[in-house]
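Just so we're clear, the structure is a prediction, and the values are computed from it rather than from any experiment.
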Amino acid sequence: MDDKFRYSDTNKRYHTQNYYLRKKFGKKVIKVSLNGGFTCPNKDGTRGRGGCTYCSELESGDFGGNPCKSVREQFDDVRSVLSEKWPDALYIPYFQAGTNTYAPTERLRELFEEALSIENTVGLAVSTRPDCISDETADYLAELSMRTYLTVELGLQTVHDITAEKINRCHTYADFLNGYQKLHSRGINVCVHIINGLPGEDREMMLETVRRISQLDLHSIKIHLLHIIRGTAIAAQLEAGEFEPMSYDDYINIVCDQLELLSPETVVQRITGDGDRKTLIAPLWSLDKKRVMNGIDKELLRRNSFQGIKFNAVR
C-alpha cells in the first residue's frame with residue numbers, strides 16, 4: 001500500500017474484521033449467525049410496542065438460524081456449507097436475532113455455553129440492546145470474556161434522541177452510554193451498530209454520531225445502510241413520501257467521511273448491510289454489495305485517505 005494505514009495487508013484503507021481476526025487467530029475465522037429465540041422489550045410492551053420502525057418480523061435475524069433447532073443444529077447447518085470452502089476455518093457463534101441478553105442469566109448461560117462447546121469455536125458474539133444489560137448479566141459476560149474472545153454488539157443506530165423517537169427505538173443515548181459503561185468497565189469488547197439514512201438525518205447528524213462514539217473506547221463498529229423492508233412501519237412511511245432513501249453516491253461519501261473520524265484501531269466489522277432480495281423495497285442499489293464495497297475503496301483511494309486520518313481532530 002502507498003498510504004500510512006497500518007491495519008491492512010490488502011487494498012483496504014480501513015481496519016477490517018477479516019484482517020483483525022486473521023492476525024489474532026492466524027487463519028480464517030467465520031461468524032455463524034444463530035437464533036436463540038429471544039424477543040425484544042420494544043415489542044412485548046416492556047419498553048414499547050411494534051419494535052423499531054425498520055425491524056423485520058425476524059427481529060434483525062433474517063440470516064440467522066431456525067430457533068426451533070438447537071444451537072448446535074443451527075451451527076452445523078451453516079458449517080456444512082462453509083466447510084467446503086474453508087475446511088480448516090475457526091468459528092465465532094453469533095447470537096444475532098432479537099435482544100440476546102433479554103432473558104434470565106441461567107437461560108443465557110445455557111445457550112452461550114452450548115455454543116462455546118462446539119469444536120473449533122474461538123469466541124462468541126452477542127447482539128443486544130444497551131438497556132437490557134443487568135449487573136448480573138454483565139458479570140456473567142465478564143466471566144465469558146476471560147475465557148474466550150467475546151464481543152457484545154450494542155444497537156445504537158444514532159446518538160440523536162430526536163431520531164430515536166422517530167424510529168421508535170425506545171431507549172436514549174444516555175441509556176446507551178450506561179449499557180456501554182457496564183460492559184467497558186468490566187473489560188468486555190463492545191461493538192456499536194450505527195445506521196446511515198435514517199428519516200430526518202442529514203450528513204452533519206450522521207457525522208456527529210461517529211464523532212461522539214469515537215470518544216469511546218470501542219473495540220469495533222458496524223456501519224449499516226437503512227434498508228426498507230416490506231411490511232415494516234418504515235416501509236409505510238416511505239410509501240407516504242415522508243422521507244427519501246439514501247442514494248449510492250451519498251452513502252459512499254458519508255461512510256468514507258465516517259471512517260476518517262474513527263480511531264484506526266477500531267475494527268470495522270461491517271461497512272454495509274445485507275438486504276433480503278425477496279423483501280427489500282429500497283435502496284435496491286444496495287443489493288450489489290460488491291459495488292458498494294468497491295465504491296468505498298475507490299473513494300478512499302481518490303481522496304488518498306484512510307480510517308482515522310481525522311481522528312485526532314475529534315479528540
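- Under the 4.5 Å side-chain contact rule for hydrophobic residues, V71 and V122 do not share a cluster.
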Checklist line | CA sep, side-chain torsions, deciding dist, call: S305, R13, side chain to side chain contact (heavy atoms under 4.5 Å, CB included) | finding: CA-CA 7 Å; S305 188; R13 292 172 174 249; 5.8 Å; no
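- Summarising the geometry, atom CG belonging to D175 is positioned 3.5 Å from atom OG1 belonging to T172; distances are rounded to the nearest 0.5 Å.
- Using a 30° and 60° split on the angle between ring planes, H15 and Y19 fall in the perpendicular class, above 60°.
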Next item on the list: Walk me through it: do Y248 and Y251 pass the test side chain to side chain contact (heavy atoms under 4.5 Å, CB included)?
Entry: CA-CA 5 Å; Y248 170 83; Y251 187 74; 6.0 Å; no
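- Contact annotation: the side chain of Y149 approaches that of L21 to within less than 4.5 Å [non-hydrogen atoms, C-beta and beyond].
- Salt-bridge formation is detected for the pair R22/D9: a Lys NZ or Arg NE/NH1/NH2 atom is positioned less than 4.0 Å from an Asp or Glu carboxylate oxygen.
- The environment of CD in E204 is crowded: more than 12 heavy-atom neighbours from other residues, nucleotides or ligands sit within 6.0 Å.
- For I188 against A142, the heavy-atom pair with the smallest separation is CD1-N, 3.5 Å.
- In terms of heavy-atom proximity, Q307 sits nearest to S263 at NE2-O, 2.7 Å.
- When every heavy atom of I309 is checked against every heavy atom of N304, the shortest pair comes out as CD1-O, 4.3 Å.
- Taking the side chain as every heavy atom from C-beta outward, N253 and E299 approach each other to under 4.5 Å.
- For the salt bridge (Lys or Arg N to Asp or Glu O under 4.0 Å) condition, the pairs that include at least one residue of residues 138-164, sequence neighbours left out, are K31-E153, R109-E143, E113-R147, D139-R186, E143-R147, E153-K222, D161-R169.
- Heavy-atom minimum distance, N42 versus C170: OD1-SG, 3.0 Å.
- The closest side-chain heavy-atom distance from Y91 to V29 is not below 4.5 Å.
- P130 places none of its side-chain heavy atoms less than 4.5 Å from the side chain of L156.
- Between N18 and T16, the side chains place no donor N or O within less than 3.5 Å of an acceptor N or O (distance only, hydrogens not considered).
- At least one cation-pi condition fails for R107 and Y102: the charged atom is not both under 6.0 angstrom from the six-membered ring centre and inside a 45 degree cone around its axis.
- Among residues at least two apart or in separate chains, salt bridge (Lys or Arg N to Asp or Glu O under 4.0 Å) pairs with a member in residues 281-292 are D274-K289.
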Next item on the list: Applying ring pair (Phe, Tyr, Trp, His ring centres under 6.0 Å), run through F112 and F95 and close with a yes or a no.
Entry: CA-CA 9 Å; F112 298 169; F95 286 88; 5.0 Å; yes
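- Among T279, D276, I234, the one residue that satisfies the side chain to side chain contact (heavy atoms under 4.5 Å, CB included) test with I229 is T279.
- Side chain of H160 to main chain of M205: a donor-acceptor pair is present (N/O by atom type, distance under 3.5 Å, no hydrogens or angles).
- S185 places a side-chain N or O within 3.5 Å of a backbone atom of Q181 that can act as its donor or acceptor partner.
- In this structure, H224 has its ring center at least 6.0 angstrom away from the ring center of Y54.
- Rounded to the nearest 0.5 Å, atoms CG (N189) and CG (L183) are 10.0 Å apart.
- Ionic pairing of D257 and R203 is present here: one or more N-O contacts between side-chain nitrogen and carboxylate oxygen are shorter than 4.0 angstrom.
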Margin query: side chain to side chain contact (heavy atoms under 4.5 Å, CB included) for I30 and I92? Distances and angles first, verdict last.
Written below: CA-CA 6 Å; I30 302 169; I92 295 176; over 6 Å; no
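- Ring-plane geometry between Y7 and F5 is classed as perpendicular, the angle between the planes exceeding 60 degrees on a 0 to 90 degree scale with a lower cut at 30.
- Judged by distance alone, the side chain of T148 and the main-chain N or O of S145 form no donor-acceptor pair under 3.5 Å.
- Listed for the Q269 side chain is no donor-acceptor partner under 3.5 Å among the backbone atoms of I221.
- The two residues P199 and T163 make their nearest non-hydrogen contact at O-CG2, 4.1 Å.
- To the nearest 0.5 angstrom, L218 atom CG is 8.0 Å from L262 atom CG.
- The closest side-chain heavy-atom distance from T272 to I223 is not below 4.5 Å.
- Linking Ile, Leu, Val, Met, Phe, Trp and Tyr whenever their side-chain heavy atoms come within less than 4.5 Å puts L108 and V126 in one cluster.
- Ion pairing between E242 and K166 fails under the 4.0 Å rule for side-chain N and carboxylate O.
- The two residues F311 and L261 come nearest to each other via the heavy atoms CD1-O, 3.4 Å.
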Next item on the list: Kindly determine whether S127 and Q96 satisfy side-chain hydrogen bond (donor to acceptor under 3.5 Å, both in side chains), including the steps that lead there.
Entry: CA-CA 5 Å; S127 181; Q96 178 184 19; over 6 Å; no
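- With 3.5 Å as the limit, one finds a donor-acceptor pair spanning the side chains of Q258 and N196.
- Side-chain atoms of Q74 do not come within 3.5 Å of backbone N or O of L34 as any donor-acceptor pair.
- Side-chain contact between V192 and Y180 is absent, with no heavy-atom pair separated by less than 4.5 Å.
- Side chain of N168 to backbone of G51: a donor-acceptor contact under 3.5 angstrom is found.
- A continuous path of Ile, Leu, Val, Met, Phe, Trp and Tyr side chains, each step under 4.5 Å between heavy atoms, connects M293 with L259, placing both in one hydrophobic cluster.
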Check: Yes or no on side chain to side chain contact (heavy atoms under 4.5 Å, CB included) for T121 and V32, after CA distance, side-chain angles and deciding distance?
Finding: CA-CA 10 Å; T121 290; V32 177; over 6 Å; no
